[in-house]
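The chains referred to below are lettered A, B, ... by the order of the sequence lines, with proteins before strands, and numbering in each begins at 1.
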Protein chains: 2
Amino acid sequence: MSAPTDPDVRELSTLVTGAAERLRAAFNAAAAEQGLTPVQAAALVNLRESAPMRDLARWLACDPSNVTQIVDALERRGLVGRQPSPQDRRVKALVLTDEGRRRQAVLRERGHAQATELFAALGPDERVLLRDLLARLPGGGCGEDCGPA
Amino acid sequence: MSAPTDPDVRELSTLVTGAAERLRAAFNAAAAEQGLTPVQAAALVNLRESAPMRDLARWLACDPSNVTQIVDALERRGLVGRQPSPQDRRVKALVLTDEGRRRQAVLRERGHAQATELFAALGPDERVLLRDLLARLPGGGCGEDCGPA
DNA sequence: TATTGTTATACTCTATAACTATA
DNA sequence: TATAGTTATAGAGTATAACAATA
């Protein structure tokens, strides 16, 4: 039985949270470079061709009413368009413009570069070890709503 | 040289971010149980006796104008008080009420329980291993503004 | 002059509820 | 009736700028 101030789990929490925070800050900076707010950039990164808005709401784990506004902003910037679906005319499919595709690629590259930089301090075997340890934490697996495609 | 879609660092980012997110969600739930918003709870958890508001702003990594409003809310709930400092009368020291101290203890216990639950899937040696790996990531060390005391 | 805390204000993110148009 | 998306609105978090009191 550990004391309420057990330094181990507290330190682990701080380290995990700190690493995640640095990834997030780097992503937000990349978003700002593209003239996008963090959620707008997150939406753009997650977009797949012809995804209904409902799917984007699930991927972003937010209410559909949010997606309307996020997509409004992306549309205003000429990065995505709305296309009524022929099968079900209630549905609007989101389509990337050429510029949207370009920005998406930039954001994804930035995300990859940031992650690479963060984990470069570890060797290949250590990265595998870290991944295996983290994957064993409860919830480390992924339900249905964790990402596109 | 790794491909732009290198699955390793992407998976590591997802795992780190996911673990941090679960800690955060659990903390927010604990805050809500206490009738506090996430930042209010974070402020309360970080508070030390007689800390100037300026310090709290640094610990929360936010603008001082925010602290005024956060402390307003905590004061309205009878959890903290403001005490003009005798040494420098511009400074207001934040003092916990008895109820504030009680709530702070509850939130800290909850935080510890959540972290314990998250990392319980690993054995003691593995927790040490995880800590050492995370501590080696750039920025894993802590500057001056990472916490009280 | 510089600093502490406050106020006023604004922007972003998020959710709820009521609405429309389809199904 | 139920679902996809929209609108209106509100609350939470954050920052900037201008200000008062004090140093």
Side-chain angles (χ1 to χ4, degrees), chain A residues 17 21 24-25 27-48 50-77 80-95 145, chain B residues 21 24-25 27-47 50-77 80-95 145:
Chain A
T17 301
E21 174 56 28
R24 198 187 60 80
F27 179 81
N28 291 355
E33 279 174 23
Q34 306 289 316
L36 299 174
T37 66
V39 272
Q40 288 163 11
L44 188 55
V45 162
N46 279 287
L47 259 190
R48 290 296 173 281
S50 275
M53 299 187 63
R54 216 77 188 175
D55 289 357
L56 189 53
R58 207 170 54 246
W59 298 334
L60 295 178
C62 75
D63 191 89
S65 63
N66 267 318
V67 175
T68 296
Q69 309 196 37
I70 296 168
V71 170
D72 280 350
L74 293 176
E75 198 172 28
R76 250 181 274 124
R77 286 164 176 76
V80 307
R82 288 165 157 104
Q83 234 173 34
S85 161
Q87 290 86 12
D88 182 342
R89 279 154 54 218
R90 289 173 305 180
V91 171
K92 294 181 187 169
L94 299 174
V95 291
D145 305 345
Chain B
E21 173 57 28
R24 199 186 59 81
F27 180 81
N28 291 355
E33 279 174 24
Q34 305 289 317
L36 298 173
T37 66
V39 272
Q40 288 164 10
L44 187 56
V45 162
N46 279 287
L47 258 190
S50 274
M53 299 187 62
R54 216 76 188 177
D55 289 358
L56 188 53
R58 205 169 56 247
W59 297 335
L60 295 177
C62 75
D63 192 88
S65 63
N66 267 317
V67 175
T68 296
Q69 309 197 34
I70 296 168
V71 170
D72 280 351
L74 294 176
E75 199 171 28
R76 251 181 273 124
R77 286 164 176 76
V80 308
R82 289 164 157 104
Q83 234 174 31
S85 162
Q87 290 87 14
D88 181 342
R89 278 155 54 218
R90 289 173 305 180
V91 171
K92 295 181 188 171
L94 299 175
V95 291
D145 305 346

May I ask you to say whether A:Arg82 pairs ionically with A:Asp72, meaning some side-chain N is under 4.0 Å from a carboxylate O?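 Between A:Asp72 and A:Arg82 there is a salt bridge, with a charged N closer than 4.0 Å to a carboxylate O.
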Would you check if A:Gln34 and A:Gln40 make a side-chain contact, meaning some heavy-atom pair closer than 4.5 Å?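 Side chain of A:Gln34 against side chain of A:Gln40, heavy atoms only: no contact under 4.5 Å found.
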Less than 4.5 Å apart, any side-chain heavy atom of B:Pro64 and any of B:Met53?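 They are not in contact (no side-chain heavy atoms under 4.5 Å apart), so the answer is no.
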Provide, to the nearest angstrom, the distance between the [atom1] atom belonging to [X] and the [atom2] atom belonging to [N].
X       : N      : atom1 : atom2 : answer
A:Leu56 : D:dT6  : CG    : C1'   : 15 Å
A:Asn28 : C:dT12 : CG    : P     : 13 Å
B:Arg54 : D:dT22 : CZ    : P     : 16 Å
A:Ile70 : D:dG5  : CD1   : P     : 13 Å
A:Arg58 : C:dT14 : CZ    : C1'   : 19 Å
A:Gln83 : D:dG5  : CD    : C1'   : 16 Å
A:Met53 : D:dG5  : CE    : P     : 6 Å
A:Arg76 : C:dC11 : CZ    : C1'   : 13 Å

Given protein heavy atoms under 4.0 Å, the one-letter contact record of nucleotides 15-23 of chain C, with B base, S sugar-phosphate only and - none, is simply BB----BBS
By nearest heavy atom, map A:Asp55 and B:Pro38 onto DNA chain D; which one lands nearer the 5' end?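 Checking each residue's closest nucleotide, the 5'-ward one belongs to A:Asp55.
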Tell me if a side-chain donor or acceptor on B:Arg89 pairs with a main-chain N or O of B:Ser85 at a distance below 3.5 Å.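 No, because the side chain of B:Arg89 does not come within donor-acceptor range (under 3.5 Å) of the backbone of B:Ser85.
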Expected output: side-chain B:Asn66 to main-chain B:Cys62 donor-acceptor under 3.5 Å: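 Such a contact is absent between B:Asn66 side chain and B:Cys62 backbone.
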Consider the side chain of B:Val39, meaning its heavy atoms from C-beta on, and name the nucleotide among D:dG13, D:dA4, C:dT4 that approaches it most closely.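 In terms of side-chain proximity for B:Val39, the closest of D:dG13, D:dA4, C:dT4 is D:dG13.
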For A:Val80, the option from A:Val95, A:Leu56, A:Ile70, A:Leu74 that meets side chain to side chain contact (heavy atoms under 4.5 Å, CB included):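 Passing option: A:Leu74.
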A:Lys92 vs D:dT6: side-chain N/O to OP1/OP2 distance below 4.0 Å: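 Checking D:dT6 against A:Lys92, a side-chain N or O does come within under 4.0 Å of OP1 or OP2.
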Sequence-distant partners of B:Asp88, salt bridge (charged side-chain N to carboxylate O under 4.0 Å, His left out), two or more places apart: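 B:Asp88 satisfies salt bridge (charged side-chain N to carboxylate O under 4.0 Å, His left out) with B:Arg90 only.
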Categorize B:Thr37 for me: base, sugar-phosphate, or nothing, with a 4.0 angstrom heavy-atom threshold over every strand shown.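 Contact class for B:Thr37: sugar-phosphate only.
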